[in-house]
Amino acid sequence: MPRSPKPLLSIGIIFKNEIRCLERCLKSLRPLRDALPCEVVMADTGAEDGSRAVAERYADMVFGFPWINDFAAARNAVMDRCSGTWYMTIDCDEWVDSNVEGYVKFLTTDKDFDFASVIIRNYNTVELEKGGGYSDFLAVRLLRLSSGIRYEGTIHEHWPYRGDLRTMLIRGGIFHHDGYVYQDPAKKAEKQTRNMELLRKQLEQEPDSLIILTQCVESGDNLPEQEDCLRRAMAGVEEKRPQWELFGPVIYRCAVRYALAKNLPELEEWIEKAEAMFPDSIFVRVEIAYFAFGFYWNKDDYAKSIDWGERYLQGVSDYETGRFNRSDILASSLNKTDSHSKLSIATVLAYGYLHEKQPEKCLRLMETFHGRELDAKQAGDCVRNLCNLHSHYGLDAAPLLSRLWAELNEPVPTKEKADQRRAGFLQVGAGMFEEPFIRAEGTEEDVLRHAYTAFLPLGDDCDLGIAARMLETEDAAALEALLGKAEKLEKLPGHALAHALRQGVRFPLPNRPLTIEQMDMLAGGIAQDKDELYRLVRQAGEKKLPDSAQGLGWARGLCLAALKVCPWKEIDGETGMSLSKAFGNVEKAYLPVCYADMALTGDGLLLLPPLHRFGFYCAQAFDALDAGDAAGYVRLLREGLAVCEGVKDMVEFLINHTPELKTPSEELSALAEQIQAILSKFPPENPAVAALKQSEAYQKVAHLIEGMEPYIAGGQTQ
């Protein structure tokens, strides 16, 4: 690229193996180079991945510079080759924001400044500019070359601070940086080792330097020396060593964060000291406020937590509008200003307002939220807070709920994120429809209306809106129409479906067939209200069974759900027997429809799912009981238990609660006594015992002798 004859701005870059991001960086300079006379000068410190060829396509000058473990030396080598009035440095994993008006205005206006700073935005998620998390810090990146200043520091190189030189923030000037997102863990560890080796050498030469101690703390994560460097740095602030006012807030930010992670007893003391020493610092007003909010929240000190939460949100607002001392973030990066951090605090703070009976504050705060910025947990927290405002305080939260629902469905930054927000919203919202929750609301004096009614304005746009309308409707035809509008029936709150079935709605809907998996999910939802599920199962057993596969499948789903949740050791006899008989009747009709004859005989039964294997024997057992064959009833139940051990409690319940088994006839009792007398004469392993147990006489009284052990025939469990 031809070199500009009279550059106003020289742009310097050092690089090695940066093929991932180098071209993006160089392309981002195009708007600036189009607006101003510029030159780009680059030092290759040993590239082996093709980066040199990329650099040569864009730069005015590319030269080799042997790496000597000294960043300042490499930077200064670039500066020495530049001829512009101003010099700007940028890293390869950074790119300049497309808005360059601030640069143009600064560089073309004759002002008495020697430095200019820009915001470096460090991203920590792959969404980057589309809404990912990030931290900002202010960095001096432009220097008037005539000042004669050069870089210092083998690591974390910088231009030395001088009180007689003036600096200015370039408004709108942002360098985006994604190096932390794509940093390989092994390379990160290697970089930390390299950096700490260089910093230790510097610290040996300048043991009282607050800037070097701060760099050791920030670079020494998870290293044993980190705490020692931290305490030395704090002591230096106490002693008011050079630049203590600049680095003090950063050091206390690191101290509070470290104490929180390590659960140090000094945490609260350090929070209070930071607040007393640096009350106006943006690090105290944002980051320390963020940590203090969580600390006091976890201590259940809601008053202090709310105070710090409010101060945090105000601090972030002041940061976003520039109402802070910009020199604060010359010392380090400012974290916790991104929308995710802000919403994490705000959603919890909103609940804190409710806890402290301040509903209006809660609503005002939540009106500032944007659904597209929420994550799944935050979306759920919003639902919970808004339903609380609606049901306990009578505030009109429905419009906000509707707006958030619409916004969180926007595919920003991706459709996957929108789906996650949607799932969080629906999961928490569905809890407002659970029968135990609704029943509990009826016992609370301060509940003005059911929480689920907050979803009514969502109408057909959301399945929870449809569910809310269903619970407010009694007409079967209207309920059937509403069911037909639900996007996913299996996600519909079980209580709403149970209500529709109670009103006589035909189900499954004639024009909307369900898979067996959907039926199981729907039946499982209804199972949250056991009494309602038992009623539906008894109803299925008492009425004429449906003749359609869908109808039989639904009856099967209800029965299996009831068997899974039924507390057989506690349930009353009448209910348990009715559930069991309904299960037997449904299985008797369902199995021949869904399985071939071959699967319902002999070894074919072993191919059925376990509960259906038991269902086959259960149906026959009740047929035997109806025919007056109590012994056959017991034998078949025991055979069913042998092929499905999970129903032991149910089978024991049936044996204990079947009236025909409670008072055996004198003849059976006498026969049982005779057989027991014979068995007592032989050890269990004697062949005579096995032969006797195969006899017809023994089978008639086996339930009186053995209880519910699995049935044995031919020495093998069937």
Side-chain angles (χ1 to χ4, degrees), residues 133 260 271 286-317 336 338-405 407-408 420-434 436-438 440-441 444-455 458 464:
L260 194 62
I271 291 173
V286 173
E287 284 200 68
I288 289 180
Y290 181 95
F291 298 132
F293 173 83
F295 170 69
Y296 287 112
W297 183 271
N298 291 332
K299 288 183 64 176
D300 295 333
D301 189 339
Y302 296 107
K304 278 191 176 181
S305 183
I306 288 173
D307 176 54
W308 278 107
E310 291 174 341
R311 292 160 69 178
Y312 164 80
L313 293 178
Q314 184 60 53
V316 173
S317 175
K336 307 304 181 185
D338 59 286
S339 62
H340 182 270
S341 297
K342 186 166 59 175
L343 281 166
S344 294
I345 293 291
T347 50
V348 178
L349 178 59
Y351 176 76
Y353 285 142
L354 290 177
H355 186 276
E356 297 299 292
K357 309 299 182 185
Q358 301 176 45
E360 290 80 10
K361 276 191 173 183
C362 175
L363 184 58
R364 284 199 301 272
L365 176 58
M366 296 192 65
E367 286 173 343
T368 67
F369 297 173
H370 299 288
R372 65 186 69 88
E373 296 178 348
L374 301 171
D375 64 17
K377 181 182 182 305
Q378 293 163 353
D381 288 343
C382 285
V383 171
R384 188 176 291 107
N385 289 338
L386 289 171
C387 286
N388 198 321
L389 288 169
H390 174 84
S391 62
H392 286 79
Y393 297 98
L395 296 182
D396 187 11
L400 179 54
L401 192 71
S402 298
R403 174 171 69 78
L404 289 176
W405 170 252
E407 290 176 349
L408 64 84
Q420 291 171 0
R421 294 192 295 262
R422 177 189 179 96
F425 180 101
L426 293 174
Q427 180 180 7
V428 175
M432 311 299 166
F433 291 81
E434 293 179 1
F437 180 85
I438 293 174
E441 284 183 314
E444 298 177 20
E445 293 183 359
D446 61 340
V447 172
L448 306 177
R449 50 191 172 182
H450 286 302
Y452 74 77
T453 58
F455 296 91
L458 296 182
L464 295 184

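- Between the side chain of Tyr312 and the backbone N or O of Lys336 there is at least one donor-acceptor pair closer than 3.5 Å.
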> Where do Lys304 and Asp307 land on the salt bridge (charged side-chain N to carboxylate O under 4.0 Å, His left out) test, with the steps shown first?
Replying inline: CA-CA 5 Å; Lys304 278 191 176 181; Asp307 176 54; over 6 Å; no

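- Taking every heavy atom of both residues into account, Asp396 and Pro399 meet most closely at OD1-CD, 3.1 Å.
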>> Under the criterion side chain to side chain contact (heavy atoms under 4.5 Å, CB included), I'd like the reasoning laid out for Phe293 against Leu349: C-alpha separation, chi angles, the key distance, then a yes or no.
In response: CA-CA 9 Å; Phe293 173 83; Leu349 178 59; 4.2 Å; yes

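- Atom NE2 of His390 is separated from atom CG of Leu401 by 9.5 Å, given to the nearest 0.5 angstrom.
- The neighbour count for Tyr393 OH, taken as heavy atoms of other residues, nucleotides or ligands under 6.0 Å away, is above 12.
- Under the 3.5 Å distance criterion, the side-chain polar atoms of Ser317 are left unmatched by any main-chain donor or acceptor of Leu313.
- In terms of heavy-atom proximity, Ala350 sits nearest to Leu365 at N-CD2, 3.9 Å.
- The CG atom of Leu354 sits 9.5 Å away from the NE2 atom of His392 when rounded to the nearest 0.5 Å.
- Remark: His355 NE2 to Asp300 CG distance equals 7.5 Å, nearest 0.5 Å.
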> Going through the distances and angles, do Phe433 and Leu464 end up as a side chain to side chain contact (heavy atoms under 4.5 Å, CB included)?
Replying inline: CA-CA 9 Å; Phe433 291 81; Leu464 295 184; 3.9 Å; yes

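- Without hydrogens or angle criteria, Glu407 side chain to Leu404 main chain gives no donor-acceptor distance under 3.5 Å.
- Residues meeting the side-chain contact (heavy atoms from CB on, under 4.5 Å) test with Glu360, sequence neighbours left out: Arg364.
- Interatomic distance, Ser391 OG to Asp446 CG, rounded to the nearest 0.5 Å: 8.0 Å.
- Without hydrogens or angle criteria, Asp375 side chain to His340 main chain gives no donor-acceptor distance under 3.5 Å.
- With hydrogens and angles disregarded, no donor-acceptor distance shorter than 3.5 Å links the side chain of Arg311 to the backbone of Ala289.
- Listed for the Arg403 side chain is a donor-acceptor partner under 3.5 Å among the backbone atoms of Glu367.
- Checked by atom type and distance alone, the side chain of Asn298 pairs as donor or acceptor with a backbone atom of Gly294 at under 3.5 Å.
- Under a 3.5 Å cut-off, the side chain of Ser305 and the backbone N or O of Asp301 do not form any donor-acceptor pair.
- The two residues Phe369 and Cys382 make their nearest non-hydrogen contact at CD1-SG, 3.5 Å.
- Closest of all the heavy-atom pairs between Leu408 and Ala379 is CD2-CB, 4.4 Å.
- The side-chain heavy atoms of Trp405 and Val383, taken from C-beta on, include no pair separated by under 4.5 Å.
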> Stepwise, does the side chain to side chain contact (heavy atoms under 4.5 Å, CB included) test hold for Phe455 with Cys387?
Replying inline: CA-CA 9 Å; Phe455 296 91; Cys387 286; 3.5 Å; yes

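- Taking both residues in full, the closest heavy atoms of Asn385 and Thr347 are given as ND2-O, 3.3 Å, listed atom of the first, atom of the second, then distance.
- Contact detail for Leu374 and Gln378: the closest heavy-atom pair is CA-OE1, 3.4 Å.
- Under a cut-off of 6.0 angstrom, the local environment of CD in Gln427 is sparse, with at most 12 non-hydrogen atoms contributed by other residues, nucleotides or ligands.
- Under the side-chain contact (heavy atoms from CB on, under 4.5 Å) criterion, Glu373 pairs with Ser339, Leu343, His370, sequence neighbours left out.
- Evaluation of the salt bridge (charged side-chain N to carboxylate O under 4.0 Å, His left out) test over residues 348-357, restricted to residues two or more places apart or in two chains, returns none.
- Distance check: Phe437 CZ to Tyr452 OH gives 11.5 Å after rounding to the nearest 0.5 Å.
- Rounding to the nearest 0.5 Å gives a distance of 4.5 Å between OG of Ser341 and OH of Tyr290.
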